[in-house]
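This report refers to the structure that appears directly beneath it.
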Amino acid sequence: MQGLNPQQQAAVRHIDTPLLVLAGAGSGKTRVIVEKIVHLIESKGTPARGIWAVTFTNKAAREMAERIGQRLPAERRRGLNISTFHTLGLNLIRREIRTLGLRPGFTVLDAEDSLNLIKSLLQQNESAAGMIEPKEAQWQISQWKNDLLTPSQAMQTSADEVEAACASLYDDYARQLTACNALDFDDLIKRPVELLRDDAEARERWQNRVRYLLVDEYQDTNASQYELVRLLVGKLGRLTAVGDDHQSIYAWRGARPENLSHLARDFPNLTTVKLEQNYRSVNTVLTAANQLIANDPTTQPKTLWSAVGPGEAHRVLVCDTAEDEAERIATDILHRHFKDDSPYRNFAILFRGNHQARLIEQQLRKLSIPYILTGGQSFFERAEVKDAMAYLRLMANPSDDAALLRIINTPRRGIGPTTLERLGQIARERHVHLAAAARSVTAAQRLDSRVHHQLTQFLDWLDATRSRMDEQPAAEAMRGLLEEVDYFGYLREQENSAKAAERRWTNLQDWLEWTERIAVDNDSGESLSLTELVQKMSLLGILEQKTRDQDDNAVRLLTLHAAKGLEFPHVYLSGMEEDLLPHQDCQEDDRLAEERRLCFVGITRAQRSLTFTLTRRRRRYGQWRDVRPSRFLEEVEADLLRWEGIGVQKSEEENRATAAEAMSAIRAMLGKS
DNA sequence: TAGTGTTAGATTTTT
DNA sequence: TCTAACACTA
């Protein structure tokens, strides 16, 4: 309890009835969750296995587990459940697998697999074909699933024929998933909710297991996640929800920030604690943030304050063009890096859209400033990694159509689109998966005999390889498999340069190493079964970058969304312009309010200094357009802003001169040291 | 199946 | 203006 303020202590001590912690930005909310778990175990004697903490990202879960690891010895925290919503759902499904009618080894499809499945179903479904874009259909189906609607309910509630067609597609999709023994991400929440809702025995079983539930970033929960929370908590209501409506920036993705206020409705004995003391930022930063967010009509008032220090007025750099903006940010960072002896990791550049990063990257590279760009294509989105994953998935689940389709002709085996089309038809007619369809008599009749032979041979090979999988560790087996199919040969054939092929092959070696590492259970240290391994993999979205995140002394480039939860001494908020922030597609009230909160999130990332930048004119879709400063700048009191560069139109030569000056400063410094 | 032409669409994104 | 995804052709 030491070092906690009175509100934080109240939140930690409050045990037996439902609690909502409205935790302002930088108010130490993770600390509260961690301390509360420690308190539950140490002071209240709650068994660790009865405590469940839920986050949204793997990273957040890992961090929380690490912090608890620093506070409690291993034997006292054994059995503690810290995971994402989706991992919790997956574990529940695994334990209830028979009740749910799934076979062991079921697959979890990622967004790309699910989209591919929808595309192929869309071609088949006459009522839907041509009416809907695959992406839209995917989004709609996901919405329905998040609202816990079955295909027939979706059909009944559909407003027009497009929606009705989409509902029919949803029906196809659900059937196909069942046939493939597969789930998508939404199912990982939806299926547990349905089970706990409809099966009183299972509900009681789980409510006994979950003695105490803590939910982080509660404003980001969607309808089905909230339902899962309610069902797990039950009547006892031993729930701690921690969230901040001011940082609700994911409504566009289905989050329901109103779940915060629904808590009071659903739990009449709810207690609310507000955390308003900020431990991160100087007061000018918080004043700007408070003034901005006061204009949000949709959220509860909350005023941040801190004892960190007064702080300075925020600079607003008015630049001519986006190139100029990028250059000014880069030279500014370079300048402060040397002048204040401030390491590069102290700086972050934030922007609304990823495309804004490109010019900034170019400028940073020009000045040899190290940077880390978060976002972009992740390791797991690389084709070669997805291919290898698909092979491994097929080893665990022979009926995984998405995986089969991905690698059936990779490397080439002469099984082309026509064959797959016919095969798909057979599979859909009988509601079976593709491999089963290929084995059917009908397939032998309808397919070209040579191709059919190829196909069955390949399937035989898969089966044989599968039966050998148990004999050695998964990574080892995969190494052999990739050599057997001559994947490297395939890469060389695909790539123009030998170097590119090498690089992709190296990615695979990294993946194999990673596979080896994660093939053990986090708690027990025992090695995972193939099925467990594959399922764990499909949820671990990112290559563990913890060493890079902290150790690399580099400027961080992030979108405003990606910056949530992070903090930096010096923050640059770029593109403070109308139509960029707020974004042009977000003019209606709700969305505008979310844009404001996004800006709030950006501002509150800053610990010591905050610099806004904007341009006078920007090229947009090839057209030069005059730019107006963001209305959000006007919502901040003028005294807090120090505008620079108005009326001074720098020429390119002058800019280059600034850069050159900075460069010679570096040389001087380097010479000295 | 590689190569070329056409067209939409250009915000945020985790699991 | 740029790009990526696609449909079409040789």
Side-chain angles (χ1 to χ4, degrees), chain A residues 54-62 83-91 93 108-116 119 123 133-136 138-139 142 145-146 183-192 216-217 220-222 224-225 228 247-255 322 350-359 374-378 380-381 409-410 412 414-418 493-496 535-542 558-565 575 577 579-587 591-592 594-595 597-599 601-602 618-625:
Chain A
V54 190
T55 63
F56 274 85
T57 64
N58 289 309
K59 194 175 156 221
R62 203 163 49 224
S83 70
T84 64
F85 265 105
H86 295 268
T87 305
L88 168 62
L90 175 68
N91 288 331
I93 289 169
V108 181
L109 297 191
D110 68 14
E112 192 191 324
D113 296 328
S114 126
L115 187 64
N116 286 336
K119 276 182 191 161
Q123 282 169 2
E133 289 292 313
K135 277 262 173 61
E136 273 169 54
Q138 187 182 34
W139 184 84
S142 176
K145 286 190 162 192
N146 286 336
L183 299 172
D184 65 15
F185 284 136
D186 299 322
D187 287 326
L188 296 180
I189 313 297
K190 182 175 173 270
R191 301 293 292 266
D216 192 16
E217 303 281 16
D220 288 341
T221 51
N222 63 31
S224 58
Q225 286 160 339
L228 183 60
Q247 295 185 72
S248 161
I249 55 174
Y250 285 111
W252 57 273
R253 207 169 69 183
L350 310 184
F351 34 79
R352 175 69 236 258
N354 278 312
H355 66 275
Q356 291 172 260
R358 247 186 48 206
L359 286 171
T374 309
Q377 206 198 22
S378 87
F380 282 87
E381 283 160 0
N409 209 29
T410 307
R412 310 233 164 285
I415 302 165
T418 322
E493 187 186 293
Q494 286 290 301
E495 290 295 333
N496 313 332
Q535 287 170 358
K536 182 175 177 182
M537 277 183 161
S538 44
L539 291 185
L540 286 178
I542 5 148
L558 318 139
T559 63
L560 287 163
H561 283 90
K564 192 168 95 163
E577 300 161 19
D579 293 344
L580 216 53
L581 185 67
H583 193 269
Q584 56 181 355
D585 300 351
C586 301
Q587 299 300 323
R591 309 204 67 191
L592 184 70
E594 186 153 307
E595 294 293 297
R597 294 194 293 268
L598 198 50
C599 186
V601 166
R618 195 179 280 271
R619 220 178 359 229
R620 241 182 138 80
Y621 312 142
Q623 215 85 10
W624 280 99
R625 288 225 233 138

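It should be emphasised that the depicted structure is a prediction, and the values quoted were computed from it without experimental measurement. Both backbone and side-chain heavy atoms feed into the values below; hydrogens, waters and symmetry mates do not. Every chain is numbered from 1 and lettered A, B, ... according to where its sequence line falls, protein lines coming before strand lines.
- Counting only distance, with no hydrogens or angles, the side chain of A:Gln138 and the backbone of A:Ala111 share a donor-acceptor pair below 3.5 Å.
- The salt bridge (charged side-chain N to carboxylate O under 4.0 Å, His left out) check on A:Lys190 picks up A:Glu194, with sequence neighbours excluded.
- Each of A:Glu595, A:Glu577, A:His583 was compared with A:Arg352 under the side-chain hydrogen bond (donor to acceptor under 3.5 Å, both in side chains) criterion, and only A:Glu595 meets it.
- A:Lys135 has its NZ atom 11 Å from the P atom of B:dG9, to the nearest Å.
- When the side-chain nitrogen and oxygen atoms of A:Asn58 are compared with OP1 and OP2 of B:dT15, one or more of them lie within a distance under 4.0 Å.
- Taking 4.0 angstrom as the limit, A:Arg253 places none of its side-chain polar atoms (N or O) nearer than this to OP1 or OP2 of B:dT15.
- Distance CD (A:Gln225) to P (B:dT15): 12 Å, rounded to an integer number of Å.
- Atoms CH2 (A:Trp139) and P (B:dT14) sit 18 Å apart, rounded to a whole Å.
- Heavy atoms of A:Arg412 sit under 4.0 angstrom from primed sugar atoms or phosphate atoms, though from no base atom.
- Note: CG (A:Asp216) to C1' (B:dT14) measures 14 Å, nearest angstrom.
- Taking atom CZ on A:Arg597 and atom C1' on B:dT11, their separation rounds to 16 Å, with Å as the unit.
- Close to B:dT15, at under 4.0 Å from its OP1 or OP2, lies no side-chain N or O of A:Ser538.
- At the phosphate of B:dT11, neither OP1 nor OP2 sits under 4.0 Å from any side-chain N or O atom of A:Asn354.
- Nearer to the 5' terminus of DNA chain B, by closest-nucleotide assignment, is the contact made by A:Asn409 (compared with the other of A:Asn409 and A:Gly353).
- Stacking between A:Trp252 and B:dT12 is present: the aromatic ring centre lies within less than 5.5 angstrom of the base six-membered ring centre, and the two planes differ by under 30 degrees.
- Protein atom CD of A:Glu594 is 13 Å distant from nucleotide atom P of B:dT13, rounded to whole Å.
- Think of the region where chain A sits on DNA chain C: with heavy atoms and a 4.0 Å cut, that region ends 5' and 3' at C:dT1 to C:dC6.
- Here the CG-CD distance, from A:Leu560 to A:Gln356, works out to 8.5 Å after rounding to the nearest 0.5 Å.
- If you check every strand for non-hydrogen atoms under 4.0 Å, A:Phe56 touches sugar and phosphate atoms only.
- A:Ser248 is linked by a side chain to side chain donor-acceptor pair (under 3.5 Å) to nothing, counting only residues two or more places apart in sequence or in another chain.
- As a whole-Å value, the separation of A:Tyr250 OH from B:dT11 C1' is 12 Å.
- In this view, A:Arg619 and A:Glu323 satisfy the side chain to side chain donor-acceptor pair (under 3.5 Å) rule, not counting sequence neighbours.
- Once the 5.5 Å centre distance and the 30° plane angle are applied, the aromatic ring of A:His583 is found not to be stacked with the base of B:dT12.
- Side-chain N/O atoms of A:Arg352 and base N/O atoms of B:dT12 include a donor-acceptor pair closer than 3.5 Å.
- Remark: A:Glu136 pairs with A:Ile132, A:Glu133 by the side-chain contact (heavy atoms from CB on, under 4.5 Å) rule, at least two apart or across chains.
- Separating the NZ atom of A:Lys536 from the P atom of B:dT15 is a distance of 15 Å, rounded to the nearest angstrom.
- Look at the C1' atom in both C:dC2 and B:dT13: the space between them is 23 Å, to the nearest Å.
- Every residue meeting the side chain to side chain donor-acceptor pair (under 3.5 Å) condition with A:His561, not counting sequence neighbours, appears here in chain and number order: A:Trp252.
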